[in-house]
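Read through the structure below, which is laid out as structure tokens, and then see the notes.
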Number of protein chains: 2
Amino acid sequence: MPKPAPRRITIIDVARHAQVSTTAVSKVLRNAYGASPAMRAKVQQAIDELGFRPSAAARGLRGQTYTIGVMLPDLRNLFFADILDGITTQLGDTDYQVLLAPGCNGEQAEARVIDAMIDRSMDGLVLIAPVSSKTRLNTVARSVPTVVVGRHGSATTYDSVTDDDVAGAALVVDHLADLGHRRIAHIEHHETDPVRLAEMPNAQRANGYRDAMRARGLADEIDIASTSYTHHGGYAGAKELLSRPHRPTAIFAGADVVALGAMEAIAEAGLTIPDDISVVGYDNSALAAFGPISLTSVDQDGREMGANAARLVIDRIADRTRRTVQVKLTPSLAVRRTTAAPVQGAEVNSASPAPTE
Amino acid sequence: MPKPAPRRITIIDVARHAQVSTTAVSKVLRNAYGASPAMRAKVQQAIDELGFRPSAAARGLRGQTYTIGVMLPDLRNLFFADILDGITTQLGDTDYQVLLAPGCNGEQAEARVIDAMIDRSMDGLVLIAPVSSKTRLNTVARSVPTVVVGRHGSATTYDSVTDDDVAGAALVVDHLADLGHRRIAHIEHHETDPVRLAEMPNAQRANGYRDAMRARGLADEIDIASTSYTHHGGYAGAKELLSRPHRPTAIFAGADVVALGAMEAIAEAGLTIPDDISVVGYDNSALAAFGPISLTSVDQDGREMGANAARLVIDRIADRTRRTVQVKLTPSLAVRRTTAAPVQGAEVNSASPAPTE
DNA sequence: TTGAAAGCGCTAACAT
DNA sequence: ATGTTAGCGCTTTCAA
């Protein structure tokens, strides 16, 4: 027989216990102006003695809820987890509590979750790699302080944090070209929506790849398989690339998970990594670092991105009129064992068309 | 210059627009008794036309917030992600929204997060593998409907969902013994707290291991390294086991991540898996299934556990006086390439008593 | 500096 | 079946 919990302590109880007004208690709770040190002490003592905790629901009705909502597409993606770590670490000292919605894929799920957060009067939102339309993002940002992470382009309604995906792709191409590779192929995430073509990281990576290839004088070697940022997308993309007449000596996959799929296809084709073909991923996830895999990958500092996002959202809560800022961080390359110089002779002039599979 | 968002639509606006009372609107919102179909239709139309969304904060002050809080120790743990999937899937059709706190390790962080959820008037809590004291859990459960996942033992205040860890350990021992192994060692998570010794899955797994070994007549072969459920714990545990005079032919790691650490130590020792030594993990995470690793592992149906937890919490919200239930699911074994019959001759008759480390 | 009082948007008793 | 009204626990004017 569970005995029912006693009635929750309210601000009135505290006020009575401390022999002051509820206003005074409220001021202490918010560190607001207009309470003497003596009063503060008295109230604080009453709060501690009674074990009082303010109701966020009630606070939210008038003021803030001290809650930051985080939306991310996939909890299993370790890069997103890093961003989250950055956010929570940055917010650790503050009164804000981070709450997140379980992975939501697609525009519809995204809309539901964002609405749910607004309904719950969250003080600020951090949207990680949202796929919603720009119009929608602007609408959201007008109703609640918002920071968008991982989407390029600027907006006047929300701040954004990105990692320089063009630079990341260039790191990869340069690394491979420096090793002596010329036929460097890329597996991209297929994109048709024009706005996303400009704003999504995958599109930026593909652009960066093209630019860097041209900058290295390898414009003729540009070779792209357009699939998706999934394990299977990597597998199918690599299969496609390997079946082409002019086989690449290196594959730049747009994400680590894509690289893993590609590695599977390469193994199936009886080729070895990195001797026959080099592979590079993107995100430097824990999987990439894992010993037996040891995937060369572009490292985006997720924690740093998260910390920046948290800082920005707090700043914007404090001043909603301040001009928006775009923070762009610089990636680095984690070189591991899936990349090496191409084997001499084998492919330099192998222009003979290979039969498909 | 972002233009400010217009004032939020309230229930009063809807009532006015539909020419009815706010009570009527409220009833429609809650699907409550006492509203004619005609009224429902009228109100619903007004809601749609105005794009009204009820404020969860305001609702929470009197009634429910339609929010279920989920706490889990580690977002990166894929098993927990599966549980979460089960919860969200089960709750997909309902009005409830799942919100979760970012991974919180340790009793203190756990307490903070749970308090935060209670402060936000969440309707129900799902606590996954909490480490808090039983007293604390009972206190929490008395103030809000709570379901505890992954902790054995029963309570009168909260429902619980577990997977049968004793049975899981037995699956492992039986599988290895059937293959012909006798020296089957175990790497456990060290535990001292008496309550946790009885309730935590790691302790149950160790117990299950001992029981199963005895049941197979292998009581003399029981060999345990007591470290922790981490990669390093697995590494150190395996190193310890391998250095013992009477080397095991199989290692049962209490978690997949532990198995990976063990595999690293085994590789360092110049031994091969499964020829020299078999390895089994626990959780059947994506890592275990990953081709190059292919770890034999105990599969707990996380989605099923999550679905059960969600169902229970909803039921308890509906009726807080109903007796608590304990759901215990049965694990299965995913056999992969890290287990095989021991190589003949090497260890069959090495029954010489080993001195303690 | 302090406190009294009016809401915030909704739900739940209680009329009608 | 429908409407009236009193709060829920805070924050925020505004007056003292």
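Any value given below was found using the heavy atoms of this structure, including those in side chains, with hydrogens, waters and symmetry copies removed.
Atom CZ in B:Arg59 sits roughly 19 Å away from atom P in C:dC8 (whole-Å rounding). Taking atom OH on B:Tyr66 and atom P on C:dT11, their separation rounds to 7 Å, with Å as the unit. Atoms CG (A:Leu61) and P (D:dG7) sit 17 Å apart, rounded to a whole Å. Going from atom CD1 of B:Ile12 over to atom C1' of C:dG7 covers 11 Å, rounded to whole Å. Look at CD1 on A:Ile11: it is 13 Å from P on C:dA4, rounded to the nearest Å. In this structure, OH of A:Tyr33 is placed 8 Å from C1' of C:dT1, rounded to the nearest angstrom. Protein atom CZ of B:Arg16 is 13 Å distant from nucleotide atom P of C:dC10, rounded to whole Å. As rounded to whole Å, 8 Å separates atom P of C:dC10 from atom CG of B:Leu29.
Within the nucleic acid shown, B:Ala32 has no heavy atom closer than 4.0 Å to any nucleic acid atom. B:Val25 comes within 4.0 angstrom of nothing in the nucleic acid, heavy atoms only.
In this model, no donor atom of one side chain and acceptor atom of the other lie less than 3.5 Å apart for B:Arg151 and B:Thr162. For B:Ser26 and B:Arg30, the side-chain atoms include at least one donor-acceptor pair closer than 3.5 Å.
Two residues are said to be in side-chain contact when any heavy atoms from C-beta on lie closer than 4.5 Å; B:Thr88 and B:Leu91 fail this criterion.
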Subject >> salt bridge (charged side-chain N to carboxylate O under 4.0 Å, His left out) evaluation trace for A:Arg136 with A:Glu107 >> reply: CA-CA 10 Å; A:Arg136 166 74 176 160; A:Glu107 204 157 343; over 6 Å; no
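Checking C:dT1, C:dG9, D:dG3 against every side-chain atom of B:Ala24, the shortest atom distance belongs to D:dG3.
Near DNA chain C, meaning a heavy atom under 4.0 Å away, there are no residues from residues 114-123 of chain A. Contacts between residues 41-58 of chain B and DNA chain D, defined by a heavy-atom separation below 4.0 Å, involve no residue at all.
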Could you go over nucleotides 12-16 of chain D and give all protein N or O partners under 3.5 Å, atom names and distances?
| residue | atom | partner | partner atom | Å |
| --- | --- | --- | --- | --- |
| D:dT12 | OP2 | A:Arg30 | NH1 | 2.7 |
| D:dT12 | O4 | A:Thr23 | OG1 | 3.3 |

